[in-house]
Amino acid sequence: GSFQQEIVALQQCVIALITQVQQHQQQLQSKVDLATAELQTALSELELSHQRLQQSKDQVELSGRAKDDFMARMSHELRTPISSVIGFIQLLEKSPLSDSQREYCRIIHGASSLLLRLIDDILYFSKFQSDNLKLENIPFSPEQCLEDVLEMQAPAAGFKGLKLSLHCESAWPLVVMGDPTRFSQVISNLIS
């Protein structure tokens, strides 16, 4: 009898152990199921966030392109009449004029050129912000660029009672490599 009692006791221990293992497996499975559900929820939220971010990025790019298109159109619309004014002033300057008329033409020419430069500056800033700025690397005369800038700034300086002049040292390079437009913009900003 005692051997059978030991077998029954052993059998009950094994059954209890199997029951504990099954309960433990069920608890683990419940935890895995819960973790899986939480992970799926997190992934769904992450995917939704990614979609929203992509939509925002697309809207920003679309807005940037619209701004660039607007700036290009406005530049063209503004540059065309200003260029015409400069052309007509240059024709007028070749005709017989009194000293005061010649001075008025010079002022109008300088102011128109300055407006043209301001438009270029606005476009430059817009391109710089959108990373579309391409710098040139071409030979140019820094002295000629400086003279052009001084000529454009002369009317504004004259209104302030100033006279601009250029003095170059003999070691000044005749030609350098770079972007003459950007060089002129920087100098113009410094002088103004």
Side-chain angles (χ1 to χ4, degrees), residues 53-192:
L53 182 62
Q54 186 62 43
Q55 288 172 347
S56 295
K57 181 183 170 199
D58 292 345
Q59 288 174 346
V60 167
E61 287 176 2
L62 184 63
S63 175
R65 281 194 298 269
K67 181 189 79 161
D68 291 345
D69 291 345
F70 173 77
M71 293 300 289
R73 263 194 316 278
M74 286 307 296
S75 168
H76 177 71
E77 295 297 323
L78 293 171
R79 289 177 68 82
T80 301
I82 292 173
S83 296
S84 295
V85 168
I86 291 172
F88 281 112
I89 288 296
Q90 288 171 340
L91 287 174
L92 189 60
E93 287 174 330
K94 292 178 182 177
S95 66
L97 298 171
S98 69
D99 288 344
S100 62
Q101 290 172 327
R102 191 163 303 287
E103 179 64 14
Y104 295 153
C105 284
R106 188 184 70 75
I107 291 170
I108 293 169
H109 187 258
S112 299
S113 297
L114 187 57
L115 280 174
L116 211 49
R117 269 302 204 228
L118 289 172
I119 292 167
D120 287 340
D121 287 347
I122 291 168
L123 282 176
Y124 167 78
F125 183 71
S126 174
K127 287 180 181 180
F128 182 76
Q129 279 189 319
S130 63
D131 294 333
N132 289 334
L133 181 65
K134 303 276 188 286
L135 293 176
E136 289 186 302
N137 191 25
I138 59 173
F140 73 95
S141 165
E143 184 175 354
Q144 184 61 52
C145 284
L146 289 169
E147 287 175 1
D148 292 345
V149 169
L150 290 181
E151 185 177 296
M152 283 189 310
Q153 295 285 347
F159 290 130
K160 294 177 182 177
L162 302 173
K163 182 177 180 182
L164 301 176
S165 62
L166 176 64
H167 300 282
C168 296
E169 294 185 17
S170 59
W172 184 262
L174 296 177
V175 176
V176 296
M177 294 295 290
D179 190 325
T181 302
R182 304 299 166 247
F183 177 78
S184 295
Q185 286 174 328
V186 169
I187 298 300
S188 181
N189 289 338
L190 289 172
I191 292 174
S192 67

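Since we're looking at a predicted model, the values are computed, not measured.
Considering I191, L164, L166 as possible partners of L146, the one that fulfils the side chain to side chain contact (heavy atoms under 4.5 Å, CB included) test is L166.
Shown here is D99, whose CG atom has no more than 12 heavy atoms of other residues, nucleotides or ligands within 6.0 Å.
Atoms CG and CD1, on L78 and I119 in that order, are 4.5 Å from each other to the nearest 0.5 Å. Note that CD of E147 and CD1 of I187 are 13.0 Å apart. Values are rounded to the nearest 0.5 Å. From L150, atom CG reaches atom OG of S188 across 9.5 Å, with rounding to the nearest 0.5 Å. Separating the CG atom in D148 from the CD atom in E143 is a distance of 10.5 Å, to the nearest 0.5 Å. To the nearest 0.5 Å, atoms OG (S100) and CD (E103) are separated by 9.0 Å.
Nearest heavy atoms, Q144 versus S141: N-OG, 3.1 Å. Taking each heavy atom of P173 and P142 in turn, the nearest pair found is O-CG, 3.7 Å. Taking each heavy atom of S184 and V149 in turn, the nearest pair found is O-CG2, 3.6 Å. Taking all atoms of both residues into account, the shortest heavy-atom contact from E136 to D179 is N-OD2, 2.9 Å.
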N/O donor to acceptor pairs below 3.5 angstrom from side-chain atoms of residues 88-97, sequence neighbours left out:
residue: Q90; atom: NE2; partner: H109; partner atom: NE2; Å: 3.4
residue: S95; atom: OG; partner: L92; partner atom: O; Å: 2.5

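Between the side chain of S63 and the backbone N or O of Q59 there is no donor-acceptor pair closer than 3.5 Å.
In this structure, the side chains of F140 and V175 stay at 4.5 Å or more apart for every pair of heavy atoms.
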